[in-house]
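Step one of this worksheet: look at the structure below.
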2 protein chains.
Amino acid sequence: MIESHPLSPLVRRWSKYAPLSPSDANAILSLPYSRKNCTKDGYLVRDGQQVSDCTLLLTGFAFRQKLLRNGARQIISFHIPTEFVDLQNGLLAVADHSVQCLSPCEVAAIPRRALLDVANSSPDIRMAMWTETLIDASIFREWVVNVGRRDSRARIAHLLCEMALRLEKIGAGSDGLFEFPVTQEQLADATGLTPVHTNRTLQNLRKDGLIQLTAKSLKVLDWDRLRDAGDFDELYLHQSVATGPVN
Amino acid sequence: MIESHPLSPLVRRWSKYAPLSPSDANAILSLPYSRKNCTKDGYLVRDGQQVSDCTLLLTGFAFRQKLLRNGARQIISFHIPTEFVDLQNGLLAVADHSVQCLSPCEVAAIPRRALLDVANSSPDIRMAMWTETLIDASIFREWVVNVGRRDSRARIAHLLCEMALRLEKIGAGSDGLFEFPVTQEQLADATGLTPVHTNRTLQNLRKDGLIQLTAKSLKVLDWDRLRDAGDFDELYLHQSVATGPVN
DNA sequence: CGTTAATTTGAGACCATTCAATTTCGGTGG
DNA sequence: CCACCGAAATTGAATGGTCTCAAATTAACG
């Protein structure tokens, strides 16, 4: 059945961004790809690399990061199954950051040429692809705000809200319980904090009964108060109304 | 002559992202638009608004910002003439942030429908448009790094490097002297610092002979040391090799 | 020139960092 | 199954970069 096709989650995701005809869906499912496995901490893309494939996350979690000359690291996004980790590399010549696995991952590497061909073959498909990269960008903007203007508690709360909501949208987890295998050090590098302060801030959120966070999973105990603590407004995820009326 | 057409800078910019045929160039120049003027501090786009035009900056400077519930502000990008300030609104239904003018601006408001039509009419045009939004996103990623992991001196130096280089690329200014009408408060909101600390950091950069910054212009006195101070690597701007070889 | 915005200066407080040490946890081999 | 190991999480105390609050000075503009 079609649902068991490795790329069918991609069809489902893109359908939310543009109305895909059966033949569009078929074209997507017919994309060539090579299946690869990647170990925890393994690299999917390296900064500065010429890239000829885009990587779709089938199972597992990944993150993108940039290293500074002084050795510091900033994580610029986390990725969950069914997401591309580097769709921008379909057009940009050189990777401007690295992508690494948070957990063991299964991925589909799709040749950029094939992606561009399928984009050129259907207006709706390319609108969906473009929309995906635009939502990516919107999330980056919100991250600028997060690390730029929120204090440690709000920063971490906001990040957890985002991940919980994105995981919810793909139907991973229930009752506020989600698999999210992240270390406190990675959380620190995503929020621009130190691991020590991240630890103290997490204890604070736990003490207040907002969350429960282990090395493997995140449980949201009180969504409303976590959302308030994180100054969270989901508009930037553009999930309710991805593409607006075109007049 | 063609060069005097208001949209010709757009053709020049997009030519760097994809090879535009004469008919492509013509299609772009034939885009419908309404010319508008905007005063300093005036809004071009408001957060939460439904948008039906994309705004191209003909003259003047603008910035994008997000406001937090507590009243704090984060500026997420600055824009210079020939750039779109909101090309993503061609596809996203609702503006997730505001755009405001740094100086009096002349803009061309182009209907999203017309932009999408011209994109659909030519593979090269749509690749150029998509590339522009992807470079936008790359800059946002670098800003996450900037506010997340650099200290105040490096943050400001990095931002000034970026603006100087982008202004240089469009041929604005010479000898390291560029028009850039920004206040220290805006610089502070762009770097996630307070105005007071921004002021002290600027004095520090001036004292070391790296820059000269007035309310109207930026002069880079020592590019190499400013670049080092800002931990700046221009790769993320994707100007040398925007679109790579497509195999 | 007067008036307001923007920049500059000073001093004290605080949030987050640094540096180290300790404890807990997850996985592995005996 | 348990002892062991390294990684991750936790704790403590001191330092420091940045913030806050105010006031003074300078620049911009009509």
Side-chain angles (χ1 to χ4, degrees), chain A residues 39-41 61 63 68 70-75 100-104 146-160 179-207 211-218 229, chain B residues 39-42 61 63 68 70-75 100-104 146-157 159-160 179-207 211-218 229:
Chain A
T39 58
K40 180 162 132 74
D41 297 330
F61 295 78
F63 63 95
L68 285 76
N70 67 9
R73 171 175 78 159
Q74 177 69 41
I75 290 178
Q100 225 172 330
C101 294
L102 218 49
S103 65
N146 205 38
V147 293
R149 283 290 182 232
R150 293 197 183 101
D151 66 20
S152 62
R153 184 179 154 98
R155 264 186 235 190
I156 290 184
H158 191 281
L159 174 57
L160 297 181
E179 184 188 354
F180 185 44
V182 70
T183 68
Q184 293 185 5
E185 187 177 3
Q186 289 157 343
L187 232 36
D189 282 333
T191 50
L193 301 168
T194 56
V196 170
H197 197 62
T198 298
N199 178 276
R200 294 184 167 124
T201 306
L202 284 172
Q203 289 180 47
N204 186 279
L205 290 172
R206 275 193 282 246
K207 171 181 63 65
I211 57 159
Q212 217 170 294
L213 184 70
T214 71
K216 289 245 152 68
S217 69
L218 160 69
Chain B
T39 59
K40 178 161 134 69
D41 297 330
F61 295 78
F63 63 94
L68 285 77
N70 67 10
R73 171 175 78 162
Q74 177 69 42
I75 289 178
Q100 224 172 331
C101 293
L102 218 48
S103 64
N146 205 37
V147 294
R149 281 294 184 228
R150 293 195 182 102
D151 65 20
S152 62
R153 185 179 153 96
R155 263 186 235 189
I156 290 183
L159 174 58
L160 296 180
E179 186 189 353
F180 186 44
V182 71
T183 68
Q184 294 185 5
E185 187 176 4
Q186 289 157 344
L187 233 37
D189 283 332
T191 50
L193 300 168
T194 56
V196 171
H197 198 62
T198 299
N199 178 276
R200 295 186 165 119
T201 307
L202 285 172
Q203 291 180 46
N204 186 278
L205 291 172
R206 276 194 281 246
K207 170 180 64 64
I211 58 159
Q212 219 171 292
L213 184 71
T214 71
K216 289 246 152 66
S217 69
L218 160 68

Spacing of Asp189(B) atom CG relative to dC19(D) atom P, expressed in whole Å: 11 Å
Selected nucleotide, minimal atom distance to Lys216(B) side chain, candidates dC29(D), dT11(D), dA22(D): dC29(D)
Rounded interatomic separation in angstrom, taking NZ from Lys207(A) and P from dT11(D): 13 Å
Spacing of Arg149(B) atom CZ relative to dG17(D) atom C1', expressed in whole Å: 15 Å
Nucleotide dG16(D), atom P - distance to CZ of Arg153(B) in whole Å: 19 Å
Worked check of side chain to side chain contact (heavy atoms under 4.5 Å, CB included) between Leu205(A) and Leu213(A): CA-CA 10 Å; Leu205(A) 290 172; Leu213(A) 184 70; over 6 Å; no
Heavy-atom pair of closest approach, residues Asn146(B) and Arg150(B): OD1-NH1, 2.8 Å
Distance test, side-chain N/O of Thr183(A) to OP1/OP2 of dA8(D), below 4.0 Å: no
Close side-chain approach of Ile211(A) and Leu202(A), heavy atoms under 4.5 Å: yes
Partner of Gln184(A) by side-chain hydrogen bond (donor to acceptor under 3.5 Å, both in side chains), out of Thr194(A), Asn199(A), Thr201(A): Asn199(A)
d(CD, Gln184(A); C1', dA8(D)) in whole Å: 8 Å
Separation of dA14(D) P from His197(A) NE2 (nearest whole Å): 19 Å
Terminal axis angle for the helix from dC1(C)-dG30(D) to dG30(C)-dC1(D), five pairs an end, nearest 10 degrees: 50°
Lys40(B) or Arg155(B), whichever maps to the more 5' nucleotide of DNA chain D: Arg155(B)
Of residues 199-206 of chain A, the positions that come close to DNA chain D - non-hydrogen atoms, cut-off under 4.0 Å: Asn199(A), Arg200(A), Gln203(A), Arg206(A)
Heavy-atom pair of closest approach, residues Arg149(B) and Asp189(A): NH2-OD1, 2.7 Å
Heavy-atom side-chain contact between Arg155(B) and Leu159(B) under 4.5 Å: no
Residues in side chain to side chain donor-acceptor pair (under 3.5 Å) contact with Gln212(A), at least two apart in sequence or another chain: none
5' to 3' contact window, DNA chain C with chain A (heavy-atom distance under 4.0 Å): dA16(C) to dG27(C)
Residue whose nearest DNA chain C nucleotide is more 5′ - Leu193(A) or Pro195(B): Pro195(B)
Shortest non-hydrogen contact between Leu218(B) and Leu160(B), atoms and distance: CD2-O, 3.9 Å
Donor-acceptor pair, side chain of Gln100(B) and main chain of Phe63(B), under 3.5 angstrom: no
Smallest separation among heavy atoms of Ser152(B) and Leu193(B), with atom names: CB-CD1, 3.7 Å
With sequence neighbours excluded, residues passing side-chain contact (heavy atoms from CB on, under 4.5 Å) with Pro104(A): Lys40(A)
Gap between atoms CD1 and C1', on Ile156(B) and dT18(D) respectively (whole Å): 12 Å
Under the side-chain contact (heavy atoms from CB on, under 4.5 Å) test, residues paired with Ser103(A) that sit two or more places apart: Phe61(A), Cys105(A), Pro181(A)
Whole angstrom value for the distance that separates P of dT10(D) from CG of Leu187(A): 12 Å
